[in-house]
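What follows is a short report on a single structure.
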Amino acid sequence: MSDNVVRLHKTPEPAAQDASVTTLTVVSDTPTPPVPLWVRSGRAVKRVATDERTTATLRGVARHGMYTFNGGRIVARRTWDGRTGSRYERMIRAAEAAGNHELAEEWEERLQRFRDARHRRRMDLLTSPVDVAKGAAIGTGMSIGTLVALGVVMALNTKDVADVITPLTAVIEFIGLLITIVQVVWPYAITLGPLFALLALWSVGRKQQAAPNWALPDNVRSGEGEPITPSIVVKALRDLGVPALRNAIKEMGDAGASMLGPIRIAGCGVEVDVTLPSGVSTVEVQNKRRKLAENLTRHEHEVFITIPQAARTVRLWIADSGALDEPIGPSPLVVDESLTADYAKGRAPWGQDLRGDAALLSLYQRMLLVTGLSNQGKTAALRALALWLAFDRTAEFRIADLKGVGDWAMFDGLATVLIQGPTDEHVIEATEMVEDGVEEMNRRLQAPPGTAFPPLILLVDEAQVAFMCPAKDEQKRPYGGSRNESRYFMACRKVHNQGRAVNVLLWQGTQDPTDQNLPKLVREGAHTRASLALGTESQARMALGDKAVDGGAAPHLLRQGLDKGTLVVASDGIDIPAGQASITVRTHYISTDDAKEIAKRAKALRDGVTTLHAIERGEERDPLADIASVLGNASRVLTADVLKRLSALSEDAYGRWTPGDLKRVLEDAGAEPYKSEGRMVVGRDRVARALANRNNEGSASADG
């Protein structure tokens, strides 16, 4: 029988519970086996090894040891530089790498003068022992003679012949005293001298922080928020992982300082231009943005790299640590109720650039495209511009919000057209709104010279919904798409082509740009292109263009969700530093409630605007029946004449028809035009037969 005993104890339940329930507790008398000694020892060693005091001590020992070792290396290098021409040679190589041959020649002359002086010193060493011996003999003789003369004078004064040697005796005793002092001090000097030398080397290494990063104190190792200095920038570039750049910096006599321009305070950060050495391209530095930021003890979003006008130069803007995560102030539209707008001469207060300066955008005769991922502040950025322009009483707005959640509802009473909704029907109305804008543009283009035209803003938010719409009209023309028969696409292109001349402008906001939901010809027709955070570089190129991205624009590197409202803007309507193709703007956020208050103030400036919430359409017509009616009794009619007759029949329905539209309707009905005597005509018999067949098919379907 086993020695293990298991006892069952009955534990009474509380009175509130069912009295019939009994809990059994199992108690085992089996002793717990002891923990082996080696396990306990291992745990103790692990606790000691991982203790914070232990790691701090080990780091301290390693740190101070490396201070001394690397301090010796620094002193040795300085001594070598002082005794040889290596410093001059490095400066020559640096000047040659920078392409400055005049400076290289100057340093070569200095090196030659240094070598000549060193040669003279070495030649002097050949004759110096003899000269020293002669000088010592002459000096000793003169000194003894002087002392004897002094003794004679003393003897004559004291009448004592023994005083003749008194000066010599005093000198000999003084020399003996010095020998005694040296004998006493020498053992201590032998012991303490190396210690003082090591202390000096440690001091040099500590001043230069010459130790591995992991061994440095916490406040030094983190470097969080440390000021940007030339040495920090050069070290960050040296450790970037570009071999040509690293080697060039090592060869420069000034350790790379000549690459840097002045470090200037720029808003919530600093800015510095870096002239790269020969053999290093700006692209190599741009592609290392994250590593460069980490070398500068910053996050990736806190370092921006742009390309200024100077050749082989990159401009670094380095934010103060954490500064970009702090919000900027409210919009002037919110705090200044006396603010006004001027379409032609004014600039909209959009936000701040990275330097903290006000970012003001001119809207005069500029098409606008704002894009970005969903929920990044696209509508708010677009709406802020429209709210500012609303204070110009001459501006007319026609707005289609294809999201339809009320983001533009405050423009009811400001805009003459306000369409809100995501359905195909709303896309159709938005398309007809833009087409009406094209008609207004054509009317203005034909007006007498010198006629002044107020700004007409055709604004489509969530434009990707229009481009992706599959609906077609009665002539089978699609509303969406990017082909020539797409009604929305073609209306946008027509406005882009000639609208700015008569102040008919198209503003669009769209998500996640691709070739499908933002065709190339439409996005390149915008004069002002702005992008919030995007997913890929290819999307950034679609949003801003190749030139801006190649020049350093990087909306795909903005942080989704964290950099809401931060735009990268490419436009001649905003002040961009010389040589750059874009600028980063942190826009003022205007909430929906604040937007309603601003819109209310803008409405007070106007006499009252009636807002249409749908595009009025003409009567529904039957194109095939109308074609048959305008043919009359003629057996065939020229297609050009058919178009004229249809336009006369209904300008609204057929005024914009082209020969292609007529051909499409007839081909779909099976009555395509044909050539007669070399000219395209429409046959009456074909149209009548197609109309009869269609009616017969309709009757059969009804009977079925």
Side-chain angles (χ1 to χ4, degrees), residues 267 304 306 328-336 339-372 376-392 394-395 397 399 408 411 455-461 463 496 499-500 503-510 523-533 543-545 547-548 551 553 555 558 563-578 580-590 594-595 598-599 602:
F304 287 80
T306 53
I328 63 174
S331 169
L333 291 170
V334 176
V335 298
D336 186 0
L339 192 70
T340 60
D342 187 331
Y343 164 73
K345 300 179 181 179
R347 293 192 170 206
W350 213 6
Q352 294 179 0
D353 62 17
L354 295 178
R355 295 162 183 78
D357 299 328
L360 306 176
L361 180 68
S362 172
L363 304 176
Y364 179 65
Q365 293 187 345
R366 289 178 176 88
M367 309 292 174
L368 179 63
L369 173 64
V370 179
T371 187
Q376 297 302 301
K378 168 179 53 61
T379 296
L382 194 60
R383 189 175 63 189
L385 299 176
L387 286 170
W388 175 80
L389 188 57
F391 285 93
D392 186 332
T394 64
F397 292 93
I399 299 174
W408 295 89
F411 277 81
L456 171 60
I457 309 300
L458 307 172
L459 194 155
V460 182
D461 196 8
H496 280 167
R500 69 182 300 271
N503 292 326
V504 177
L505 306 178
L506 177 63
W507 294 3
Q508 294 185 98
T510 182
R523 60 179 184 253
E524 291 186 349
H527 304 97
T528 295
R529 299 167 71 171
S531 176
L532 296 122
L544 299 177
K547 179 181 179 182
L558 295 174
D563 289 326
K564 283 187 176 181
T566 300
L567 286 162
V568 181
V569 184
S571 171
D572 61 349
I574 193 170
D575 292 333
I576 297 179
Q580 296 181 200
S582 65
I583 187 173
T584 301
V585 176
R586 302 173 69 197
T587 59
H588 297 296
Y589 174 68
I590 301 176
D594 289 336
I598 295 170

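Position 1 is the first residue of the sequence; numbering continues from there.
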If you round to the nearest 0.5 Å, how far is [atom2] of [Y] from [atom1] of [X]?
X      : Y      : atom1 : atom2 : answer
Leu360 : Gln352 : CG    : CD    : 10.5 Å
Thr510 : Arg523 : OG1   : CZ    : 10.5 Å
Leu368 : Leu382 : CG    : CG    : 6.0 Å
Trp408 : Leu459 : CH2   : CG    : 4.5 Å
Tyr343 : Leu505 : OH    : CG    : 4.0 Å
Trp350 : Leu333 : CH2   : CG    : 13.0 Å

Which atom of [X] lies closest to which atom of [Y], heavy atoms considered:
X      : Y      : answer
Trp388 : Asp342 : CH2-O, 3.5 Å
Gln508 : Ala463 : OE1-CB, 3.5 Å
Ala548 : Ala581 : CA-CB, 3.8 Å
Ala386 : Phe411 : CB-CZ, 3.7 Å
Ser571 : Ile576 : O-CD1, 3.3 Å
Val335 : Pro330 : CG1-CG, 3.7 Å

Heavy-atom check, side chain of Asn503 versus side chain of Leu456, under 4.5 Å: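 Sidechains of Leu456 and Asn503: no contact.
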
Trace of the side chain to side chain contact (heavy atoms under 4.5 Å, CB included) decision for Val370 with Leu532: CA-CA 8 Å; Val370 179; Leu532 296 122; 4.3 Å; yes

Donor-acceptor pair, distance only, cut-off 3.5 Å: does the side chain of [X] make one with the backbone of [Y]?
X      : Y      : value
Ser531 : Val568 : no
Arg529 : Ala543 : yes
His588 : Gly329 : yes
Asp563 : Leu558 : no

Worked verdict on Ile457 versus Trp507 for side chain to side chain contact (heavy atoms under 4.5 Å, CB included): CA-CA 7 Å; Ile457 309 300; Trp507 294 3; 3.6 Å; yes

Trace of the side chain to side chain contact (heavy atoms under 4.5 Å, CB included) decision for Ile574 with Val585: CA-CA 10 Å; Ile574 193 170; Val585 176; 3.9 Å; yes

Residue pair Tyr589, Ile328: steps toward the side chain to side chain contact (heavy atoms under 4.5 Å, CB included) verdict: CA-CA 9 Å; Tyr589 174 68; Ile328 63 174; over 6 Å; no

Salt bridge flag under 4.0 Å for residues Arg383 and Asp461: no

